[in-house]
A.B. asks: 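Pasting in a structure now, in structure tokens, and then I'll have a few things to ask.
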Amino acid sequence: MQDYELLQDGLALMALGMGVVFVFLTILVISVTLMSKLIGRFEPAPVVAETSKSSPQSAAPSGQNDEMMAVISAAVHRYRSTRRR
Amino acid sequence: MQDYELLQDGLALMALGMGVVFVFLTILVISVTLMSKLIGRFEPAPVVAETSKSSPQSAAPSGQNDEMMAVISAAVHRYRSTRRR
Amino acid sequence: MQDYELLQDGLALMALGMGVVFVFLTILVISVTLMSKLIGRFEPAPVVAETSKSSPQSAAPSGQNDEMMAVISAAVHRYRSTRRR
Amino acid sequence: MDKLVTLWEGSGLYNLELGQAAMILVGLLLLYLAIYKKFEPLLLVPIGFGGILANIPEAGLAISALDQAIEVARPAVLQQMAAALGATLDPLANLDAWRESLKAIAHDSAAPDQVRAAKDIAMSVGYGDGMLYSFYSVAIASGIAPLIIFMGVGAMTDFGPLLANPRTLFLGAAAQFGIFATLFGAVVLSSMGIMDFSLNQAAAIGIIGGADGPTSIYVSSVLAPELLGAIAVAAYAYMALVPLIQPPIMRLLTTQKEREIKMTQLRPVSKLEKVVFPLVLLILVALFLPDAAPLLGMFCFGNLMRECGVVERLSDTAQNALINIVTIILGLSVGSKLMAESFLSFETLGILGLGIVAFGIGTAAGVLMAKLMNLVSKMPINPLIGAAGVSAVPMAARVANKVGLESNPHNFLLMHAMGPNVAGVIGSAVAAGVMIKYLG
Amino acid sequence: MDKLVTLWEGSGLYNLELGQAAMILVGLLLLYLAIYKKFEPLLLVPIGFGGILANIPEAGLAISALDQAIEVARPAVLQQMAAALGATLDPLANLDAWRESLKAIAHDSAAPDQVRAAKDIAMSVGYGDGMLYSFYSVAIASGIAPLIIFMGVGAMTDFGPLLANPRTLFLGAAAQFGIFATLFGAVVLSSMGIMDFSLNQAAAIGIIGGADGPTSIYVSSVLAPELLGAIAVAAYAYMALVPLIQPPIMRLLTTQKEREIKMTQLRPVSKLEKVVFPLVLLILVALFLPDAAPLLGMFCFGNLMRECGVVERLSDTAQNALINIVTIILGLSVGSKLMAESFLSFETLGILGLGIVAFGIGTAAGVLMAKLMNLVSKMPINPLIGAAGVSAVPMAARVANKVGLESNPHNFLLMHAMGPNVAGVIGSAVAAGVMIKYLG
Amino acid sequence: MDKLVTLWEGSGLYNLELGQAAMILVGLLLLYLAIYKKFEPLLLVPIGFGGILANIPEAGLAISALDQAIEVARPAVLQQMAAALGATLDPLANLDAWRESLKAIAHDSAAPDQVRAAKDIAMSVGYGDGMLYSFYSVAIASGIAPLIIFMGVGAMTDFGPLLANPRTLFLGAAAQFGIFATLFGAVVLSSMGIMDFSLNQAAAIGIIGGADGPTSIYVSSVLAPELLGAIAVAAYAYMALVPLIQPPIMRLLTTQKEREIKMTQLRPVSKLEKVVFPLVLLILVALFLPDAAPLLGMFCFGNLMRECGVVERLSDTAQNALINIVTIILGLSVGSKLMAESFLSFETLGILGLGIVAFGIGTAAGVLMAKLMNLVSKMPINPLIGAAGVSAVPMAARVANKVGLESNPHNFLLMHAMGPNVAGVIGSAVAAGVMIKYLG
Ligand code: NA
Ligand code: NA
Ligand code: NA
């Protein structure tokens, strides 16, 4: 009796599980395809990709670049003060 | 009275401790010597060592090599897709 | 009534806080100036700095150098035993 | 003199039980497989070593302070603990019977505050949690370690091939049939009376078929911690065996012609797509399957750090120092579950057997799904890449590539197989979410 | 069939509340700002992502096992927990009312041991602390993570420019006026009935003006954990906005002539001075302001490791692996405080508004202090470097440099501005100490 | 105005006790020795700094929330805590007497659940565990940090020289006589009434002679946590002083001729031997001395990761990021035990004195053992390498090499001395195991 119930539960979970996996990944396929199309439409991939890659580096070198600059300038300062001594 | 007991305990622990250290390391000396002899007998050191070093690299490049390969191929893929853009 | 108390507390905390910040940093300015003068007097900066930089490296190469040496010698040992095999 | 006796009676040799000796050999075997057969050494070296440590007699490295006290404390301490646990010890029974009954009470019937009180007593007389037990509590019982490893895996994963050909997600879905078929298999074995697995245990065993280490450990830590050792060992061992398990199945289910199918080159994928993808996946998880949020959330987080290009130092740490540290701790923790009493049972053989079945079915399902997709779609898919859907990244993709090259030495399937390969990771995390939802 | 219903009723979409949807959008906005506007991405990527994770419906990633049980457990479990909490549930009220009242009791009136007992019940029926909740407990509630980050910042900081010109410490002191003016502003808003901040909350908001992330997080974790999310977001966002916020204020308060002031070159600083400085600072803290000891102690420790030259491997780890690991955990933990119920309130707008005022006042105070010092001292100070006193290292120093270059393309102020810049870090940690002393 | 008074009364200067001032000076001295005398800086910089932090008056960085509350809370809170601890406070006594008696009760007589209840009260009124206290609990009280460091040491150790000449293990055994002679010395001092050490304390002091930092910390955390600060400082300081302590003893006990003995070149050791060795050692530990399993188990694990060649990324992390992170935390934690009340006692002088004796006896025993071995064996051993048996890797081996070079500038003993050097690590871990077995 209980064994039968276990079997039934297992079968239900198998069906449900595979179903959810397929449904979820189907939704993902659709979403990804839509996303790629949207991105492709609004921003023609190759050109934009390069722009978005180069522009932040030249135009908005804030975050890490800043840090980099500070580190470099500190290093320069250090080097200079060492030399002078 | 208690002082005497402490002294006795200390002495006993000293004797026991040094004894255990020596016995244990003696067993280790014997084990290591046996191990080296066994390894030396079954696998003449120089040849085997090289074999066991080269064979896995060529024959079974699974684990890390795989990862390496995946990383490299991903990098290549990335590089290519960047160039094409 | 309570609002008035809150206002008063806020005002007090503002006055006290700015006061403490200024007093503390003033003490720090004085201490740092004294420190620099002391260091400058007892050890004429440029010469000493270089000495204190070079001497430990040559005279007391204990801590990390030791470790370095051990690692290197182990590496050499390893390399040799590999070659000989 | 009686100190020498104590020493001998406290030595491992005097106390070594057969099971412990066997488990030490199992640990050595795992180390041999890891070191000389290159079976997922990054995990199996720590797991194997942890397994040996856990089975050192009298050392109690893998048990709590309370269990240590129950196993070795003096009768007076046992009576104190019994009082704290609200139990009475039969004054006529011998010491071993006391220990047995205390153990049963502490693990099964006692209330949490009673257990806490008993542990207080154990600690006050000098017992402490074993090192591996502490590692297990912090790393696995909390769920943290597998999640951080999953984050690192996300930071190492390139979704480019998947984005270039999203349909390969179906292959990653199909291959998860291995998980559920194995779950059902375990249930059948139990209902036939051959094994004795609960539904939770069956689900944890099934997840081996996901061919994904951290997911397996995470799921079994939630659903069946008592099987975690065997499940983790099976998962990693079979992942290492993928080059042996998969090819025969792949050859059996495909014709020479199918294996020769050339796939169209993958389109370039823009950086923006790669940045947006983990967020799309995260939102879908949030909307449809919140129970997969820990696993897939951390996975997406790692991947976003990788692709967004502005937190390279974090991404780098997630892929190196952090994942390595957590791997060491996780491996030793898993090893702590290789204690003789729980591992050396008939059920472990069942787990090992079911695990390999899971890999086989998953492989077959992936291949068959690819053949089905060829029937309904124009764009050709080489069915070999379906086998990569089981995940086991990147080994399964390499296997698909290798079997493909046997049929046509100019047909490189690796990048095509990477799509279903990473899809399989998502698929098994989704499957894990479903199981935790219903059974957790 | 009813499993499908359970699935749907357990899905995020079914349970999504408006607030959660809004917070997910806020998280995405933070990610956008971090990734494409380069707003302090090292922190805002983890914070934004953590914010999304915290708002996934039903996942409960940011709440404790007890809260999870209260939110979703069956009535029988609720009654058990109520008993443990010493409360009685109105048998006529509906389930949601039960949950509400249990939540209120658990968070406000129950004694610690009652809460522990209730949590034991929740865990015994399978609930566990959410991942982000665990991260928050370990990393922020303990105070550890901000302190370790501060140690790393200390190991990255070069006090050379400050030591070469110690008077710039006054600029770092003056700029902290932003903190206290904002505190007073928050108090005024409350006493006028516009907002509803306690004195503790006002202090935590004021610290945003310190322009120092770890200090803000540390102070608000002590004084007003309920506002931590909003405060951390404001602090990091405005630090990123320094190049926009500061220049207009700097130009308004200075004449062209002042902006052209050339400063005398900094003297070289000996290695010994750099080694002794963190110890001098530590001793002064120990003698005069012990409440700033955790923050400034760890800061000095990091700096000593950097400068002493004999523990390079520790200094290197503090600046890389360790700070990166802690940043990831800290960011996700802060994100856990971006839950809808606490973030989506009118007060958050007040915090954002007051925060920007704090930055502005701090900038102005620094500039005015520099002008004042020019009046009383012979050695000329370009007032632009006063703005760097707010900290926001090294962005504010760069801004001073840039605005200076606009007036005179040959006047490089960067190294001069680094002095007040790091002085600002010390200044805000001192301010934090004062506040914790009186309100903690 | 009374806020100013509070400020002054809460300042360090007002509360500074003589002992704290002295300990801050001790911390500065340790930093000086570490930075300018290169005394094991990797440990002594964090320890010295931690010692200063622990002695900042009123900051309470090294004590628990409960102790903080006992030291500074208002009378009402004290009464609440007294009730929770099951104590009654004499209404006629003054506040300081109350604090004293509460402290005594909390640390000695109260039951664990009473302490927990009192701590709940302390935390509910806003007190929290000090940062260093938290570090100590997580890193040392749990035993984890020394073990992880030992794993890293294992990953850095090359057993090649030892395997090429296993007899050198006897030198490593003999040098441990320093440990037990010192133990006995401490017992003698106590029984003569000069000092007051228990047997546990004597054993913890003896382990200084093991010349191995993590082992000393591990053992004293188990046997005598109250002496941990002094023991760790002594152990690391004397390890740094090995080049001063050892040479006179070595010269005294050897003739010029003995010091000139040339040793036969070491045979090459195969990779397989190096892989198998840690496993052989582990098995022997498991069979004969389970109490040494945590220390030697982790040591062997690190060494296996190093030698097996398939987990280089784990080995690399164990030797770098992980050991550095743990070293920082461990050092600060040890520093937390440099609080005035426990460190500034006559016993500390005894520990420092006994520690140097331990090093001397160990050195002598190693040298004499080598001379003994020369009597019974044909293969010549230069007795200088016996001194390396105290461990202090690799300093003692270098000292042996240096003293050897003085006698014969062409006699390089370094590699020969590495054998007893690493043997000494094993030897002292074995000694630690014996002590923990009998006293732990
Ligand atoms: Na999978
Ligand atoms: Na600041
Ligand atoms: Na030793």
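In this text the structure is predicted, and so the values were computed from the model without any measurement. Chain letters run A, B, ... following the sequence lines, proteins first and then strands; every chain starts at 1. Any value given below was found using the heavy atoms of this structure, including those in side chains, with hydrogens, waters and symmetry copies removed.
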A.B. asks: Can you confirm whether D/Ile140 sits close enough to D/Tyr218 that some side-chain heavy atom of one is under 4.5 Å from a side-chain heavy atom of the other?
C.D. replies: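 No, too far: nothing below the 4.5 Å cut-off.
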A.B. asks: Non-hydrogen atoms of chain D under 4.5 Å away: do they reach the side chain of E/Tyr127, the backbone, both or neither?
C.D. replies: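 It is neither, since no heavy atom gets under 4.5 Å.
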A.B. asks: If you tally heavy-atom pairs under 4.5 Å against chain E, which of D/Asp291, D/Ile283, D/Asp113, D/Leu304 wins?
C.D. replies: D/Leu304
A.B. asks: If I measure from the heavy atoms of chain D, does E/Ile323 come under 4.5 Å with its side chain, its backbone, both, or neither?
C.D. replies: side chain
A.B. asks: Can you confirm whether E/Leu244 is buried at CG, in the sense that more than 12 heavy atoms of other residues, nucleotides or ligands lie under 6.0 Å from that atom?
C.D. replies: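 Check passes, neighbour count above 12.
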A.B. asks: Can you find a heavy atom in the side chain of D/Leu102 that is under 4.5 Å from one in the side chain of D/Leu85?
C.D. replies: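 Answer yes - side chains close enough.
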A.B. asks: If you define the side chain from C-beta out and look only at heavy atoms, does anything of D/Met435 sit under 4.5 Å from D/Phe180?
C.D. replies: yes
A.B. asks: Going by distance alone, is a donor N or O of one side chain under 3.5 Å from an acceptor N or O of the other, for D/Asn324 and D/Asn320?
C.D. replies: no
A.B. asks: Counting only heavy atoms closer than 4.5 Å, note whether D/Val434 contacts chain E via side chain, backbone, both or neither.
C.D. replies: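 Neither the backbone nor the side chain of D/Val434 comes within 4.5 Å of chain E.
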A.B. asks: Can you tell which part of E/Ser124 gets under 4.5 Å to a heavy atom of chain D, answering side chain, backbone, both or neither?
C.D. replies: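 No part of E/Ser124 comes within 4.5 Å of chain D.
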A.B. asks: Do the side chains of E/Leu61 and E/Ser336 get nearer than 4.5 Å, heavy atoms only?
C.D. replies: no
A.B. asks: Can you tell which part of D/Ile144 gets under 4.5 Å to a heavy atom of chain E, answering side chain, backbone, both or neither?
C.D. replies: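 Looking at D/Ile144, just its side chain touches chain E.
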A.B. asks: Tell me whether the rings of D/Phe299 and D/Phe159 are parallel (<30°), tilted (30 to 60°) or perpendicular (>60°).
C.D. replies: perpendicular
A.B. asks: Between D/Leu282, D/Leu322, D/Ile325, D/Leu314, who has the most heavy-atom pairs with chain E when the cutoff is under 4.5 Å?
C.D. replies: D/Leu314
A.B. asks: Under a 4.5 Å heavy-atom cut-off, does chain D meet the side chain of E/Leu28, its backbone, both or neither?
C.D. replies: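 The side chain, not the backbone.
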A.B. asks: Please give me the minimum heavy-atom distance between D/Asn303 and D/Lys274, naming the atom from each residue.
C.D. replies: OD1-O, 4.3 Å
A.B. asks: For E/Ala117, which atoms come within 4.5 Å of any heavy atom of chain D: side chain, backbone, both, or neither?
C.D. replies: neither
A.B. asks: Tell me, side chain or backbone of E/Ile35 under 4.5 Å from chain D's heavy atoms, or both, or neither?
C.D. replies: both
A.B. asks: What residue in E/Gly130, E/Gly27, E/Gly50, E/Pro46 has the most heavy-atom pairs under 4.5 Å with chain D?
C.D. replies: E/Pro46
